[in-house]
Asker: 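Structure incoming, see below.
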Amino acid sequence: YLKNNSVEKLLNDLEQTDSLKKFFWNPLILASFNTLPEYVSADLFVKLVKKGTEYKKNMSIILSDNNLNDLFIYNAVNYLNDKSVKMYLGSGVKKINIENSIVQNIEMENGKKEKYDYYFSMVPNYSLLKLFDKDKNSQYICNIEKLRSSTIISVHLFFKEDLNFEIENCMIGLVDTVVQWIFVKGKRHLCIVISGADFIENNLTEKDNNEIFKICLNDIKSCLNGFNENNVMDFKVIKEKRATFIPEVGSENFRNKQYSNIENLYIGGDWTDTGYPATIEGAIKSAKICSDFIINSKN
């Protein structure tokens, strides 16, 4: 049942009320899957709920004072530097050269070829396809081009004068609006987030930035008492058109395993087969699986 049906059908079959769906399930699904319930596999949804409620401590919601670079990136870079790992930042890979199911080397954009014992790919599925010889893609990876994408739109608002918020670094959730989340970044900075924008307002993604800005202003004015739109000094709209894959029914068939048919190549990323949706946690889990493969192969 779960593998063949959407979350929308699951919630209806479980006789969840309209209010419960509106105020609890739908915001949870948007936040976790970046799309609407009708486009989410019930199987993946149930697995996520089980994982999230497995331990009491998992039920805590933590909002960090730091950004994601501080939380994940800088510490990792420092660790690698301490281990004398060479990092080539800003050096793109043009092609993965394979012979007899083994990566012989990788060709860099500057034309130089690099050869190593093991290779990890942590790029999005649509980028990975470009690194292989086109005629050999199907031999090494599953039909990852069939994973559909969903958009996240972020609108940054900058203000002339301080906003009347006593708490910084907080998050506000909205219901019955196009805008779903407001992140208070500072006294003069709000970040507005719209998940699954492709499925909202007749495809909000295709609307121009000024129209998106006006929609956000109207929503904020209707929800935040005393909000003064004349205080807005500037805005910036960011459309991540391929922010996440859509975890619809059958999408698990197009999520690559971390261990490929290529002996020394391991494939990670939030879109790979992790049992999670396209989240940071899923990406980290995929990297752990890749590392474990090598460690276990040496034992």
Side-chain angles (χ1 to χ4, degrees), residues 33-35 39 41 44 72-73 76-77 80 85-152 198 239-298:
F33 299 95
N34 188 33
T35 192
Y39 300 108
S41 162
L44 185 58
F72 298 111
I73 305 302
V77 170
L80 294 173
V85 175
K86 291 183 180 179
M87 288 179 286
Y88 302 94
L89 304 179
S91 301
V93 175
K94 181 179 179 181
K95 186 179 179 182
I96 300 174
N97 294 313
I98 304 164
E99 290 182 14
N100 300 321
S101 298
I102 297 176
V103 177
Q104 301 299 322
N105 56 62
I106 53 173
E107 185 176 337
M108 309 301 289
E109 289 181 344
N110 60 11
K112 187 178 179 180
K113 293 183 178 180
E114 302 281 355
K115 184 175 179 63
Y116 304 100
D117 295 328
Y118 300 100
Y119 301 84
F120 291 83
S121 169
M122 297 292 170
V123 299
N125 58 310
Y126 50 85
S127 296
L128 180 61
L129 288 171
K130 300 175 183 178
L131 299 179
F132 288 95
D133 186 313
K134 186 175 182 181
D135 295 331
K136 296 180 179 179
N137 280 345
S138 59
Q139 180 180 349
Y140 300 115
I141 52 181
C142 63
N143 297 317
I144 59 177
E145 74 279 359
K146 294 184 179 180
L147 285 173
R148 296 198 299 149
S149 298
S150 185
T151 301
I152 294 176
D198 316 80
K239 298 178 181 178
E240 297 178 78
K241 292 189 175 182
R242 293 187 287 192
T244 65
F245 73 90
I246 299 175
E248 55 199 334
V249 174
S251 60
E252 69 273 9
N253 296 321
F254 312 130
R255 300 182 70 177
N256 222 91
K257 298 290 184 183
Q258 286 74 32
Y259 181 72
S260 70
N261 293 327
I262 307 166
E263 185 175 320
N264 56 346
L265 175 66
Y266 299 87
I267 300 173
D270 60 11
W271 61 271
T272 59
D273 187 9
T274 62
Y276 291 170
T279 60
I280 292 174
E281 293 83 359
I284 292 172
K285 182 180 178 181
S286 75
K288 178 69 164 55
I289 294 172
C290 290
S291 300
D292 287 344
F293 271 126
I294 292 182
I295 292 170
N296 293 333
S297 69
K298 292 189 173 184

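We count residues from 1, following the sequence as given.
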Asker: Got a second to check how far L128's CG is from L265's CG, nearest 0.5 Å?
Answerer: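 Here the rounded value is 7.5 Å.
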Asker: For the side chain of S286 and the backbone of G269, is there at least one donor-acceptor N/O pair under 3.5 Å apart?
Answerer: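 Yes.
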Asker: Answer yes or no: does atom CD of E263 have more than 12 heavy-atom neighbours from other residues, nucleotides or ligands under 6.0 Å?
Answerer: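 It does not: E263 CD has 12 such atoms or fewer within range.
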Asker: State, to 0.1 Å, how close E99 and Q104 come at their nearest heavy-atom pair, and which atoms those are.
Answerer: O-NE2, 3.3 Å
Asker: Do Q258 side-chain atoms and A287 backbone N/O form a donor-acceptor pair below 3.5 Å?
Answerer: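 Here the side-chain-to-backbone pair does not exist.
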Asker: Are the side chain of N105 and the backbone N or O of K113 linked by a donor-acceptor pair below 3.5 Å?
Answerer: no
Asker: Suppose we call two aromatic rings close when their centres sit under 6.0 Å apart. Are Y259 and Y266 close by that rule?
Answerer: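 That pair passes the under 6.0 Å test.
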Asker: Does N110 use its side chain to pair, donor to acceptor, with the backbone of K112 at less than 3.5 Å?
Answerer: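 Answer holds: yes.
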Asker: Side chain to side chain contact (heavy atoms under 4.5 Å, CB included) for Y88 and M108? Distances and angles first, verdict last.
Answerer: CA-CA 11 Å; Y88 302 94; M108 309 301 289; 5.6 Å; no
Asker: How close do S251 and E248 get, heavy atom to heavy atom, and via which atoms?
Answerer: OG-O, 2.7 Å
Asker: Evaluate the side-chain proximity of N264 to Y116: yes if any heavy-atom separation is below 4.5 Å, no if none is.
Answerer: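 Counting from C-beta outward, Y116 and N264 never come under 4.5 Å.
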Asker: When you measure from the side chain of D198 to the backbone of S150, do you find a donor-acceptor pair of N or O atoms at a distance under 3.5 Å?
Answerer: no
Asker: Can you tell me how far CD1 of I294 sits from CD1 of I289, rounded to the nearest 0.5 angstrom?
Answerer: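 Interatomic distance, I289 CD1 to I294 CD1, rounded to 0.5 Å: 13.5 Å.
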Asker: Can you tell me how far OH of Y276 sits from CZ of F33, rounded to the nearest 0.5 angstrom?
Answerer: 12.0 Å
Asker: Looking at every non-hydrogen atom in both residues, tell me the closest pair between N34 and T151 and how far apart they are.
Answerer: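 For N34 and T151, the tightest heavy-atom pair comes out as OD1-O, 3.4 Å.
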Asker: Between I267, I262, I106, I96, which is the residue that forms a side chain to side chain contact (heavy atoms under 4.5 Å, CB included) with Y119?
Answerer: I106
Asker: How long is the span from the CD1 atom in I284 to the CG atom in D270, to the nearest 0.5 Å?
Answerer: 10.5 Å
Asker: Could you tell me which non-hydrogen atom of L44 sits nearest to which non-hydrogen atom of P247, and how far apart they are?
Answerer: CD2-CB, 3.5 Å
Asker: Got a second to check how far T244's OG1 is from W271's CH2, nearest 0.5 Å?
Answerer: 14.5 Å
Asker: Report yes if the side chains of L147 and R255 come closer than 4.5 Å at any heavy-atom pair, otherwise no.
Answerer: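 Yes; the side chains approach each other to less than 4.5 Å.
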Asker: Please check if the number of heavy atoms outside K285 that lie under 6.0 Å from its NZ is greater than 12.
Answerer: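 Atom NZ in K285 is packed in, count exceeds 12.
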Asker: Atom OG of S291 and atom OH of Y118: how far apart are they, to the nearest 0.5 Å?
Answerer: 12.0 Å
Asker: Any heavy-atom pair between the side chains of F254 and N125 that's under 4.5 Å?
Answerer: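 No - every pair of side-chain heavy atoms lies 4.5 Å or more apart.
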